[in-house]
Amino acid sequence: MEWTHVITGPYNFNQALKRLKIDPLLTLNVVEETLTLPIWIEDNPVTVTVKQVGTFEEPMFHIQVTDHEKVTKEAITEKLTHLFHWDTPLAAIADFFEKTELAHLFQQYRGTPFVCDSQLYGSLMKTIIHQQLNMAFAYTLTERFVKSFGFQHEGAWFYPSPEKVANLEPAQLRELQFSQRKAEYVIDTSRMIAEGDLNLNELVQLPNEQVIETLVKIRGIGPWTAENFLMFGLGRMDLFPIQDIGIQNAMKKFYDWEAKPLHAVMLEKSKEWKPYRTYASLYLWESIET
DNA sequence: GACCAGGCGCACC
DNA sequence: GGTGCGCATGGT
């Protein structure tokens, strides 16, 4: 089935795609402005292709999915609306930042949406895998993980189930060049999910502080991972991960500082960006893309 | 070859 | 409750 979905502009789909392009697991075409995504509707893996057919000011999307008896257009549109921030008032956010020190960035990247990870469990695994590594190698490791243990469905790569990962041995991840510790974090966290000791879908209901409190109790998940999961997994709007080396470097560059900022300085500066600190984070990250 | 990457836990104090 | 260190490997 296929249909068209219209949203309120501005919306810079192309800028979002440029960012997603570094993920080797995604199928996308920046010129054609198409993206094929693995998503879950209830317990059904669904591959959906989204193509931008409108403009920056009047955005419109052509959505295509193979017919599925258990999946409705409405459910998919709702999911995509969440993932792509289609209902986020990007013009109002740009106006909000107009009176802040980041005004210049929000003019430069006006209309650029924050795009979430399309799989909740996958988002947590990806974030653990990405800890401390440079982006290129982090994506390589994640790609090996998904292509070794996940599955391909109608051209999109889906993460394996937590149950499957729970039954892996660390040695199987070491072969992919995971560190021993990272292998344990991924497997042990998956085991908690598989055994019902951690329910990611229940976290959707909780406020940020309780999600962080829950997640950081788990060995291998610290503040950076919890905050990134809140942003990329749950799509929360007001996170500013001060441990993030990318944000530290971006602030150093933006403010023309000699060295990376202290955490206290980052907290002080970010106060005026509430309640949209996720967008401040995104646009700072954008500002150091090469 | 050193040093840093979209951190974290653990061993020490 | 703070500080130092190891982790695997790629990029600079």
Side-chain angles (χ1 to χ4, degrees), chain A residues 16 18-26 105 109 112 114-117 122-148 168-192 198 211-236 238-254 257-264 266-267 269-270 273 277-290:
Chain A
K18 281 182 190 164
R19 216 184 147 63
L20 297 175
K21 200 171 190 307
I22 49 178
D23 187 345
L25 289 169
L26 292 177
L105 283 183
Y109 299 111
T112 301
F114 186 96
V115 178
C116 300
D117 292 329
S123 181
L124 186 59
M125 292 302 107
K126 173 186 147 188
T127 308
I128 293 173
I129 293 169
H130 280 225
Q131 288 168 3
Q132 211 274 337
L133 300 175
N134 68 74
M135 299 291 277
F137 183 50
Y139 276 107
T140 299
L141 267 192
T142 308
E143 180 186 17
R144 287 178 189 158
F145 175 71
V146 173
K147 290 191 174 174
S148 298
L168 296 178
E169 294 296 328
Q172 291 173 272
L173 296 181
R174 292 297 304 274
E175 286 177 21
L176 309 182
Q177 292 174 303
F178 281 56
S179 64
Q180 176 67 28
R181 204 112 87 188
K182 202 181 287 282
E184 291 168 8
Y185 298 162
V186 163
I187 293 170
D188 293 348
T189 303
S190 298
R191 183 174 300 120
M192 285 187 67
L198 173 64
V211 174
I212 292 172
E213 190 186 332
T214 302
L215 290 177
V216 298
K217 285 179 187 162
I218 298 168
R219 181 172 173 270
I221 299 181
W224 179 88
T225 304
E227 292 177 13
N228 272 274
F229 178 73
L230 275 164
M231 281 198 271
F232 288 97
L234 299 181
R236 302 289 167 90
D238 196 28
L239 275 298
F240 191 69
I242 57 172
Q243 306 86 348
D244 187 275
I245 202 79
I247 290 183
Q248 291 169 14
N249 286 331
M251 289 183 79
K252 174 175 178 290
K253 181 182 175 189
F254 183 79
W257 288 330
E258 295 286 327
K260 283 182 280 192
L262 298 171
H263 288 181
M266 297 178 74
L267 284 173
K269 285 287 184 191
S270 64
W273 306 331
R277 284 176 293 178
T278 295
Y279 269 83
S281 301
L282 173 65
Y283 287 27
L284 283 166
W285 279 324
E286 291 279 357
S287 73
I288 52 167
E289 293 291 306
T290 48

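Note on naming: letters A, B, ... go to the chains in the order of the sequence lines (proteins, then strands), and numbering restarts at 1 for each one.
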Practice item. Under 4.0 Å between any heavy atoms, over every strand shown, what does A/Ile221 touch: base, sugar-phosphate, or nothing? Just pick one. Key: sugar-phosphate
Review point. Between A/Tyr279 (side chain) and A/Phe114 (backbone), is there a donor-acceptor pair under 3.5 Å?
Key: yes
Review point. Rounded to the nearest Å, what distance is computed from the NZ atom of residue A/Lys252 to the P atom of nucleotide B/dA5?
Key: 10 Å
Practice item. Could you tell me whether A/Arg219 and A/Glu184 make a salt bridge, using a distance below 4.0 angstrom between a side-chain N and a carboxylate O? Key: yes
Review point. Side-chain donor-acceptor pair under 3.5 Å between A/Thr112 and A/Glu286, yes or no?
Key: no
Check your understanding: Is it the case that A/Asp238 and A/Trp273 place a side-chain donor and acceptor less than 3.5 Å from each other?
Key -> no
Practice item. Pick the P atom in C/dC5 and in B/dA2, then give their distance to the nearest Å. Key: 16 Å
Check your understanding: Contact class for A/Gln248 vs. all strands (heavy atom < 4.0 Å): base, sugar-phosphate, or nothing?
Key -> nothing
Check your understanding: At under 4.0 Å between heavy atoms, what does A/Pro223 touch on the DNA or RNA strands: base, sugar-phosphate, or nothing?
Key -> sugar-phosphate
Review point. Under the 3.5 angstrom rule, does the side chain of A/Gln172 hit a backbone N or O of A/Glu169 as a donor-acceptor pair?
Key: yes
Review point. What's the CH2-C1' distance between A/Trp224 and B/dA5, to the nearest Å?
Key: 11 Å
Point to revise | Interatomic spacing from CD1 in A/Ile247 to CG in A/Leu284 - rounded to 0.5 Å | key: 6.5 Å
Check your understanding: A/Ile218 near the nucleic acid: base, sugar-phosphate alone, or nothing, with a heavy-atom cut-off under 4.0 Å?
Key -> sugar-phosphate
Check your understanding: So what does A/Thr225 touch, heavy atoms closer than 4.0 Å: a base, only the sugar-phosphate, or nothing?
Key -> sugar-phosphate
Point to revise | A/Leu133 or A/Gly220, whichever maps to the more 5' nucleotide of DNA chain B | key: A/Leu133
Exercise for review: Mind checking A/Gln132 for me? I need base, sugar-phosphate or nothing, with any heavy atom below 4.0 Å counting as a touch.
Suggested key: base
Review point. Can any side-chain N or O of A/Arg144 pair as donor or acceptor with the backbone N or O of A/Leu176 at less than 3.5 Å?
Key: yes
Check your understanding: Reckon A/Asn228 touches a base, only the sugar-phosphate, or nothing at all at heavy-atom distances under 4.0 Å?
Key -> base
Review point. If only atom types and distance count, is the side chain of A/Thr278 paired as donor or acceptor with the main-chain N or O of A/Met231 below 3.5 Å?
Key: no
Point to revise | First and last nucleotide of DNA chain C, 5' to 3', lying under 4.0 Å from heavy atoms of chain A | key: C/dG6 to C/dG10
Check your understanding: NA contact type, A/Lys260, heavy-atom cut-off 4.0 Å: base, sugar-phosphate, or nothing?
Key -> sugar-phosphate
Exercise for review: May I have the distance from A/Glu184 (atom CD) to B/dG9 (atom C1'), rounded to whole angstrom?
Suggested key: 11 Å
Practice item. Measure the distance from CD1 on A/Ile212 to P on B/dG7 and round it to the nearest whole Å. Key: 16 Å
Review point. A/Ile245 CD1 to B/dC3 P: how many Å, rounded?
Key: 16 Å
Revision key, fill the gap. Ranking A/Arg181 and A/Arg19 by the position along DNA chain B of their nearest nucleotide, the one closer to 5' is A/Arg19
Review point. Rounding to a whole Å, what distance do you find between A/Asn134:CG and B/dG7:C1'?
Key: 14 Å
**Study point:** Rounded interatomic separation in angstrom, taking CG from A/Asn249 and C1' from B/dC4
**Key:** 9 Å
**Study point:** C/dG4 to B/dC3 separation - P atoms, rounded to the nearest Å
**Key:** 16 Å
Review point. Mind checking the P distance from B/dC10 to C/dA8? Whole angstroms is fine.
Key: 15 Å
Check your understanding: Expressed in angstrom and rounded to an integer, what is the separation of A/Lys182 atom NZ from B/dA5 atom P?
Key -> 15 Å
